[in-house]
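Just so it is clear, the values below take in all heavy atoms, side chains as well, and ignore hydrogens, waters and symmetry mates. Naming: A, B, ... by sequence-line order, numbering from 1 per chain. The structure presented is a predicted model; accordingly, all values stated were derived computationally and were not measured.
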Amino acid sequence: MATWKKLILLLSIIPLLLLLAYGFKTNPREVPSPLVGRQAPPFAFSMFDGTSHSLEQLRGKPVVLNFWASWCFPACYEEAPHLEAAWQTYRDRGVVFIGVDIQDRDTDGKAFVERFKLSFPNGPDPQGKVSIDYGVYGVPETFFIGRDGTIHYKHVGALDESVLKKKIEEML
Amino acid sequence: MIATLGRFSIWLALAIAVYGAVVSILGARRGRPALIESGQGAVVSLFGLSSFAVLLMEAGLVGHDFSLEYVARNASLETPLFYTIIALWGALEGSILLWVWLLALMTLLTVLIERKRQRELIPYATTILLCISAFFLFLVAFPASPFTTILPVPPDGRGPNPLLQNHPLMAVHPPGLYAGYVGWSIPYAFGMAALLTGRLGETWIRSVRRWSIASWGFLTVGIIVGGRWSYEVLGWGGYWAWDPVENASLLPWLTGTAFLHTIMIQERRKMLKFWNVALVIITFALTVFGTFLTRSGILSSVHAFSDSAVGPLFLGFIGLILFTSFSLLVYRSDKLQAEGDLDSLVSRESAFLVNNLLLLGFAFAVLLGTLFPLLSEAVRGVKVSVGEPFFNTVNVPIGLGLIFLMAIGPLIAWRHASLESLRKTFAGPLLLAILGTGICGFLGVRGLYPLLAFGLSLFTAITVFQEFARGAMTRRRNTGEGYLTALSKLTTRSRRRYGGLIVHLGVALVVIGITASSVFKLEQEVTLKQGESLQLGRYQVRFDELSAWQEPHRFVVQGNFTIFNSNHKVAEMRPAKRFYPTEQQPIGTVDVRSTAREDLYLVLSSFAQDGTSATVKALVRPLVMWIWVGGWVMVVGSLIAIWPDRRRAVAADSVEEYMAWQPGRS
């Protein structure tokens, strides 16, 4: 076999590997939300503590709208402490956090709130109305809604401290 | 306790695999039998330790030890025992553990079977196999440990993905595929051993033949059962969607099929030596690629496990395999020259060569289609998806060419076939096939591809029957045996040939089933009020009522339908939807009424809460059953081909041993 043939055979492996490596940079499941940059769909629902919240009342404030469920293990369990910590950090600067518990039993949802000592408003979405309006297809998903009511960013999967900080700072 | 023991046994197994790999090759290089034996001892320990780890994992699952993260994610108190047991391969970590165990088992079998026959190759093959084991053990020891614990311990787990606990075939589909994937490690290990030792004659081929057919058979089972699972669980009425991970299992099947055919040419004609080693490398690399695709999350697929850190490691492993194997191959290329020549274009060799080109072309098209979304995003920055139209356009003509070769390949003479022999062999089957195709056309089959697919499959089936009949008759004439005895003795005396022919018959059945069920299906989706019916083909489907009940781990809503065929009640069918508390979407359960002629397939799409109406999707898919039957015929054929023949094995063993073992060389 001629040397150049041998070389070509070996070198042809490289582009294939590079292509596969490139795959790590992309996320096939990240379907860009058509809602980003648009007005957030209005919502109004009752929280576990009996209070009620609507997007209308919150106009002018940045909102972190987090969809979760008590059965969503481990992602929702991972992000819950970060959400509470970020809420404690930013509540004085006017940022509002709202948790939407979807497809869950109320008792389980309340136990989850209790377990992580979540002090921002959390409420159930029994008919799935809010989650349908927001096109949620898995938990956790989090929408960052700017002061003007447009959706600034959508995060799929567990949040961590750095994403929360970065996206909230961008909205402030 | 389980976590500690599990981690410990995996670390120990990893250390032992590395040790065994080193001593085996040292023993072979330096001619020290004691070291080689120690390496074989390592193989035994590896099997013991990995079996122990699997048992521990099962104990954790069945015992609901939710302190193990894997158990918390994949089992729950409400999950039925059967699905708890098979949750071992329901997610990333456990499935790699199963992989480790299967590889350890097969390595052990290889050493036991081949250590006397292949004295020179076995230490090298052992080293290669232990290196592969070490890689997978590293994965379960560090980035994908199934024995990771969590604190606080949750009171209950999430349970397996409902799609995976909806059908008993989940117990067969993944292990079948894994056994097929893992099995190809062994031909690869022997191929590498041959390259390392420079003993590139036919000896290594002889050892790997059975392993290749067995792995091929497992892969076939995995693919066919996967198709059936998809048909009965996913509820879209199909069995193959050109999903990246399905494609990944088809790729090594295609290249493996090519390899099984070309090793015959090497055995008979001492040709294609370079090509065979290349094929075995490619096939093995593709099995790892398949695992990589499921576990890296680089392509979107119904099969993808969640993203994890093992992706880059797999990629590195694939790179390592390709570079080292191909470097070694080109280094030895001078020793891989063909000794025979291609005498004539009309010969079995050339039929096999064309079959190889087509199989590789098929594989290339599938690979291209699978990776094209990635390529497009990398080069043009545009997300695209490649679907059925591409794969069908490219692969259907190639597939038809393959069926044609499948009919003539086994019957055409080696070296050079005379016109006279061609006429004698093929004139009858060809005429019958043309007649059969004519009948199909008369019965209403239209279109070039469907007619060709039926005609060529028929041609294949007839040649197979003719070959059996002729052989049995000749035997009967010579020995005076009865027809059945002659037939069974014919098959057992030449298992490999007749096993192969039976596989071809199975493929023909599968092709007929696929063609009929995809080209001639009927489909309707209608909302029916109670008592209303829909008409589809010969069937009337009447919606009677809805029923609903709570099961321990899910809520079920079932539609009750009565099926009539020209006013005669033929069946009651009950498609359902199952609501799992942990899933957003209910999981549909289809009801299928299968007959040899056609399947009636019902899906409950939606229903009114008050139970007065239901939307039902009904499909009639002709001849689907023959896909599954054909699959099992293929498996039976491969079993016949590898069934050990005691009488001949003993004689062949002693010859092989004599040839393989040359004192003074190490």
Side-chain angles (χ1 to χ4, degrees), chain A residues 1-32 67-78 102-105 107-109 111-112 115-116 125 127-128 131-132 135-141 156-158, chain B residues 66 69 72-73 76 150 152 154-159 244 274 278 285 289 292-293 296-301 304 306-307 311-312 314-316 318-323 325-327 329-334 336-337 367 371-375 377-379 381 383 385 579-585:
Chain A
M1 204 184 201
T3 316
W4 64 271
K5 273 193 192 164
K6 295 180 187 176
L7 261 177
I8 287 181
L9 181 67
L10 288 178
L11 291 180
S12 61
I13 299 168
I14 295 173
L16 180 70
L17 294 177
L18 285 178
L19 178 65
L20 294 178
Y22 170 78
F24 294 124
K25 286 176 58 188
T26 67
N27 182 0
R29 260 166 286 184
E30 188 174 275
V31 183
F67 292 87
W68 60 271
S70 70
W71 45 263
C72 147
F73 175 84
C76 295
Y77 288 70
E78 281 162 12
I102 67 176
Q103 301 204 348
D104 212 348
R105 295 188 196 107
T107 45
D108 295 347
F112 183 90
R115 173 177 187 165
F116 289 101
D125 181 24
Q127 257 85 51
S131 52
I132 288 171
V136 173
Y137 62 92
V139 270
E141 272 184 27
V156 178
Chain B
F66 297 120
E69 188 176 338
R73 280 175 194 247
S76 74
I150 36 168
D156 193 358
R158 170 157 188 199
F274 183 90
F289 175 71
F292 163 75
L293 270 194
S296 62
I298 65 164
L299 291 167
S300 138
S301 155
S306 57
D307 303 347
F314 262 106
L315 187 59
I318 295 175
L320 185 74
I321 292 165
L322 290 176
F323 273 113
S325 316
F326 277 109
S327 303
L329 180 64
V330 295
Y331 169 70
R332 291 286 191 199
S333 58
D334 296 336
L336 289 160
Q337 301 297 328
L367 186 66
L371 292 182
F372 193 77
L374 212 53
L375 195 65
E377 200 176 338
V379 177
K383 273 186 195 265
S385 65
F579 295 79
Y580 289 82
T582 55
E583 287 295 309
Q584 303 237 347
Q585 301 282 336

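The shortest heavy-atom contact between A:L10 and B:F323 is O-CE2, 3.6 Å. Here the closest heavy-atom approach between residue A:L19 and residue B:L374 is recorded as O-CD2, 3.6 Å.
For A:D108, the side-chain hydrogen bond (donor to acceptor under 3.5 Å, both in side chains) partners at least two apart in sequence or on another chain are A:R105. Remark: B:S325 pairs with B:Y188, B:M192, B:I281, B:I321 by the side chain to side chain contact (heavy atoms under 4.5 Å, CB included) rule, at least two apart or across chains.
When side chains are defined from C-beta on, A:L7 does not count as touching B:V330, because their heavy atoms never get closer than 4.5 Å.
Proximity to chain A (any heavy atom under 4.5 Å) is shown, for B:L336, by neither the backbone nor the side chain. Contact of A:L16 with chain B is made through the side chain alone, with heavy-atom distances under 4.5 Å.
For the atom pair CZ of B:F289 and CG of A:L20, the computed distance is 5.5 Å after rounding to the nearest 0.5 Å.
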